[in-house]
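Down below is the structure, laid out as structure tokens.
This one's a predicted model, so the numbers in the text were calculated from it and none came from an experiment.
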Amino acid sequence: MTLATFGAGCFWGVEYVFRRVDGVINATCGYMGGNNAATTYQEVKQGHTGHAEVVQVEFDPNIVSYEALLEVFWKNHNPTTLNMQGGDMGSQYRSTIFFHDREQKAIAEASKLALARSGRWGLRQIVTEIVPLQPFHIAEEYHQNYFDKNDLPSCHFEY
């Protein structure tokens, strides 16, 4: 199994989308990229810890490629809005890819460049950051599989 980590706004919707991808074994909500090891949702939500809400995706690369996961990532959020997705504002909702190795970094950078050149977002700049993996802090249990537990529809959509 292989891991990939993405931030694309509120992690509930990101997790929901990735859980439905064939070859994804698990998707876990958490926090990454901040300056505080002992973090909670309340701290991250305030936007002072520097963490992003992320989803760590465990996948079988024999079934789904990292490139295919990047396509899901790009289609399900707006990568041109800095520190916000929809009505959620703050750096905790930033568009980010945390790469796990050099290969993921190269693939993510090539994917971002291809998206920028595609014209899909017009003249708007893709602001998604591509940064090295940092410590992953699992979110509280009530955040895991949130939409299914609460019988809610996803807030994310394909652009």
Output all residues satisfying side chain to side chain contact (heavy atoms under 4.5 Å, CB included) with Met84, sequence neighbours left out; order by chain, then residue number.
Thr81, Met89
Indicate yes or no for a side-chain donor-acceptor contact from Glu58 to the backbone of Ile25 under 3.5 Å, with no hydrogens or angles considered.
no
Close side-chain approach of Val55 and Val17, heavy atoms under 4.5 Å
no
Which residues satisfy the side-chain hydrogen bond (donor to acceptor under 3.5 Å, both in side chains) test with Asn26, sequence neighbours excluded?
Arg19, Thr28
Distance (rounded to the nearest 0.5 Å) between Trp12 CH2 and Cys29 SG:
9.0 Å
What pairs with Gln104 under side-chain hydrogen bond (donor to acceptor under 3.5 Å, both in side chains), at least two apart in sequence or on another chain?
none
Pairwise side-chain contact, Val54 with Phe11, heavy-atom cut-off 4.5 Å (strictly under)
no
Nearest 0.5 angstrom please: Glu43 CD to Tyr31 OH, how far?
9.5 Å
Of all the heavy-atom pairs spanning Ala68 and Val64, show the shortest one and how long it is.
CB-CG2, 3.7 Å
Test ring-ring contact (aromatic ring centres under 6.0 Å, His included) applied to Phe99 - qualifying residues, sequence neighbours left out:
none
Please report the interatomic distance OG1(Thr96) to CD(Gln134), rounded to the nearest 0.5 Å.
8.5 Å
In Å and rounded to the nearest 0.5 Å, what is the CG to CD distance from Asn78 to Gln85?
5.5 Å
Does Ile63 form a side chain to side chain contact (heavy atoms under 4.5 Å, CB included) with Asp22? I'd like the steps, not just the answer.
CA-CA 7 Å; Ile63 299 172; Asp22 190 33; 3.8 Å; yes
Residues at least two apart in sequence or cross-chain that pass side-chain hydrogen bond (donor to acceptor under 3.5 Å, both in side chains) with Thr128, listed by chain then number, are Ser95
Counterpart residues, salt bridge (Lys or Arg N to Asp or Glu O under 4.0 Å), relative to Arg20 (two or more places apart):
Asp148
Check side chain to side chain contact (heavy atoms under 4.5 Å, CB included) between Pro61 and all other residues, then give those that pass, not counting sequence neighbours.
Thr2, Phe59
Is there a path of hydrophobic side-chain contacts, each under 4.5 Å between heavy atoms, that joins Phe98 and Ile126?
no
So, for Asp88 and Cys10, which heavy atoms are closest and what is the spacing to 0.1 Å?
OD2-CB, 3.5 Å
Test side chain to side chain contact (heavy atoms under 4.5 Å, CB included) applied to Asn83 - qualifying residues, sequence neighbours left out
Ser91, Arg94
Are Phe73 and Tyr93 linked, directly or through other ILVMFWY residues, by side chains that come within less than 4.5 angstrom of each other?
no
Which value, rounded to the nearest 0.5 Å, describes the distance between Asp101 atom CG and Glu103 atom CD?
6.0 Å
Validation row: Met32, His137 side chains within 4.5 angstrom (heavy atoms):
no
When the ring planes of His77 and Trp74 are compared, do they come out parallel, tilted or perpendicular, using 30° and 60° as the limits?
parallel
Hey, is the main chain of Asn145 close enough, under 3.5 Å, to the side chain of Glu15 for a donor-acceptor pair?
yes
Sequence-distant partners of Glu141, salt bridge (Lys or Arg N to Asp or Glu O under 4.0 Å), two or more places apart
Lys149
Could you go through Thr49 and Asn35, starting from their C-alpha distance and side-chain angles, then the distance that decides it, and tell me whether this counts as side chain to side chain contact (heavy atoms under 4.5 Å, CB included)?
CA-CA 6 Å; Thr49 69; Asn35 52 24; 4.3 Å; yes
Under 3.5 Å: donor-acceptor pair, side chain of Ser111, backbone of Ala108:
no
Would Glu67 and Ile107 count as a side chain to side chain contact (heavy atoms under 4.5 Å, CB included) here? Give the steps.
CA-CA 7 Å; Glu67 292 89 344; Ile107 293 168; 3.6 Å; yes
Looking at Gln144 and Ala139, would you say the former's side chain and the latter's main chain have a donor-acceptor pair under 3.5 Å?
yes
For Glu71, the salt bridge (Lys or Arg N to Asp or Glu O under 4.0 Å) test, sequence neighbours excluded, returns none
Within a 6.0 Å radius of atom CG on Leu113, are there more than 12 heavy atoms belonging to other residues, nucleotides or ligands?
yes
Taking ring-ring contact (aromatic ring centres under 6.0 Å, His included) as the definition, give me every residue that meets it alongside Phe18, ordered by chain and number, with sequence neighbours left out.
Phe6
Return the set of residues passing side chain to side chain contact (heavy atoms under 4.5 Å, CB included) with Ala106 (not counting sequence neighbours), or none when no residue passes.
none
Would you tell me whether Thr5 and Gln56 have side-chain atoms, one donor and one acceptor, within less than 3.5 Å of each other?
yes
When you look at Val127 and Thr80, which way does the side chain to side chain contact (heavy atoms under 4.5 Å, CB included) test go after all the steps?
CA-CA 5 Å; Val127 296; Thr80 69; 5.6 Å; no
Starting at CD of Glu109, measure out to NZ of Lys112 and round the result to the nearest 0.5 Å.
8.0 Å
Any chain of hydrophobic side-chain contacts (each under 4.5 Å) joining Leu133 to Leu70?
no
Linking I/L/V/M/F/W/Y whenever their side-chain heavy atoms sit closer than 4.5 Å, directly or via other members, would Val24 and Phe136 fall into one cluster?
no
Of the non-hydrogen atoms in Glu140 and Thr40, which two are nearest, and what is the gap between them?
OE2-CA, 3.4 Å
Same cluster or not: Leu3 versus Ile138, using hydrophobic residues (I, L, V, M, F, W, Y) connected whenever any side-chain heavy atoms lie under 4.5 Å apart?
no
